[in-house]
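The model shown is predicted, which means the values in this text are computed figures rather than measured ones.
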Amino acid sequence: MSESQQASPSSTASADKPISRYPVPTLEQVPDDIRERILAVQEKAGFVPNVFLALAHRPAEFRAFFAYHDALMDKEGGLTKGEREMIVVATSGVNQCLYCVVAHGAILRIYEKKPLLADQVAVNYRKADLPPRQRAMLDFAMKVCQASHEIDEADFDALRPHGFSDEDAWDIAAITAFFGLSNRMANTIGMRPNDEFFLMGRVPKAKSS
């Protein structure tokens, strides 16, 4: 493998700051399809998010995890990409998942172009600078997260005036549930967020003259 094909280590991936309590494979050790995906992410982001290397410890589960992730987060539908990230950040905050709050908070800031929003949503979305539509969306997501056994028709009815269909409600629930799994695994294996995520989207890029 050439030097250009090797994943650049994150600043958090050092011996004194392990990114997982489980063994983290090198790129040479992972199957070809997983290596290709990791290198593609590195090319786009400029670094490798630690979740890719940590989950590569179990290749079959890596593939299943990211297949479902892509099906939920990259699809067309009634939710914007920013709204999908809001759901992740809000529910991950409740689940106390440092990795997902930090990583998806960075993505949320970039999509929405609002440096303060991710912190607001992670701590208390009800006090965040959100329009009624997105507050209703997060009300539904939070109920799925904390009391899914209480979801009833009234919860679907509350979404409809804001333009959400029943299919959108499925998406909200599925994203919440999927990242509930992600939150619990990240917490269990002690997955660390990359240092790079903390500053992303916080300071607007200087405009070239």
Side-chain angles (χ1 to χ4, degrees), residues 7 10 12-13 19-20 22 24-25 27 30-112 117-118 121-122 134 137-138 140-142 144-145 148 164 167-194 196-198 200-201:
S10 166
T12 56
I19 67 172
S20 171
Y22 286 85
V24 177
L27 281 184
V30 302
D32 291 345
D33 60 314
I34 292 177
R35 183 185 307 113
E36 289 173 7
R37 170 141 194 172
I38 291 173
L39 289 173
V41 169
Q42 177 183 255
E43 183 176 359
K44 182 177 180 180
F47 64 98
V48 179
N50 290 338
V51 63
F52 288 89
L53 295 174
L55 295 188
H57 172 61
R58 292 191 170 194
E61 292 172 43
F62 177 105
R63 295 185 186 99
F65 180 92
F66 283 107
Y68 197 18
H69 171 280
D70 294 351
L72 293 173
M73 303 302 283
D74 295 342
K75 67 177 290 186
E76 298 294 328
L79 305 180
T80 67
K81 288 185 177 294
E83 287 171 341
R84 293 171 196 274
E85 296 297 336
M86 284 179 206
I87 295 167
V88 180
V89 173
T91 58
S92 296
V94 169
N95 291 331
Q96 300 186 60
C97 179
L98 177 64
Y99 187 92
C100 290
V101 168
V102 172
H104 290 273
I107 301 170
L108 174 57
R109 289 191 295 271
I110 291 170
Y111 279 150
E112 295 294 307
L117 186 59
V121 169
Q134 292 169 350
M137 176 189 74
L138 293 180
F140 188 87
M142 206 60 68
V144 173
C145 180
S148 61
F164 293 110
E167 293 299 320
D168 296 330
W170 179 303
D171 285 344
I172 296 168
I175 292 167
T176 300
F178 174 77
F179 279 94
L181 178 154
S182 180
N183 296 158
R184 286 159 176 78
M185 288 306 300
N187 282 337
T188 298
I189 70 175
M191 192 160 64
R192 291 180 55 85
N194 304 63
E196 290 91 339
F197 282 127
F198 287 90
M200 287 171 58

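D33 and R63 make their closest contact through OD2-NE, 2.7 Å (heavy atoms, listed as atom of the first residue, atom of the second, distance). Between P193 and F198 the shortest heavy-atom distance is CG-CZ, 4.0 Å. Residue N187 comes nearest to L98 through the heavy atom pair OD1-N, 4.2 Å, listed as atom of the first residue, atom of the second, then distance. The shortest non-hydrogen separation linking L138 to V121 is CD1-CG1, 4.3 Å. Shown here for I87 and T91, the closest heavy-atom pair between the two residues is O-OG1, 2.7 Å. What you find for G78 and E83 is that their closest heavy atoms are O-OE1, 4.0 Å.
No donor-acceptor pair under 3.5 Å is formed between the side chain of N95 and the backbone N or O of N183. Side-chain atoms of R109 never come within 3.5 Å of backbone atoms of A118 as a donor-acceptor pair (strictly under, hydrogens ignored). Between the side chain of N194 and the backbone N or O of V48 there is at least one donor-acceptor pair closer than 3.5 Å.
If you take NE2 on H57 and CD1 on I189, they are separated by 8.5 Å, rounding to the nearest 0.5 Å. For the atom pair M137 CE and D171 CG, the distance stands at 11.5 Å (nearest 0.5 Å). Separation of atoms CG (L55) and CG (N50) is listed at 10.5 Å; rounding is to 0.5 Å. R58 CZ to I34 CD1: the interatomic distance, rounded to the nearest 0.5 Å, is 13.0 Å. Taking CE from M185 and OG from S20, the interatomic distance works out to 8.5 Å, rounded to the nearest 0.5 Å. The distance from the CG atom of L79 to the CD atom of Q134 is 10.0 Å, given to the nearest 0.5 Å.
Taking the side chain as every heavy atom from C-beta outward, Y99 and P49 approach each other to under 4.5 Å. Using a 4.5 Å heavy-atom cutoff, the side chains of L117 and M86 are in contact.
Ring-plane geometry between H104 and F179 is classed as perpendicular, the angle between the planes exceeding 60 degrees on a 0 to 90 degree scale with a lower cut at 30.
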* To do: Step by step, work out the side chain to side chain contact (heavy atoms under 4.5 Å, CB included) result for L181 and F65.
  => CA-CA 10 Å; L181 178 154; F65 180 92; 4.2 Å; yes

* Going through the checks in order, is the ring-ring contact (aromatic ring centres under 6.0 Å, His included) test met by F47 and F197? -> CA-CA 10 Å; F47 64 98; F197 282 127; 5.2 Å; yes

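Other residues, nucleotides and ligands contribute only 12 or fewer heavy atoms inside 6.0 Å of the OH atom of Y22.
With sequence neighbours excluded, no residue satisfies ring pair (Phe, Tyr, Trp, His ring centres under 6.0 Å) with Y111. Taking F164 as the reference, nothing meets the ring pair (Phe, Tyr, Trp, His ring centres under 6.0 Å) condition, with sequence neighbours excluded.
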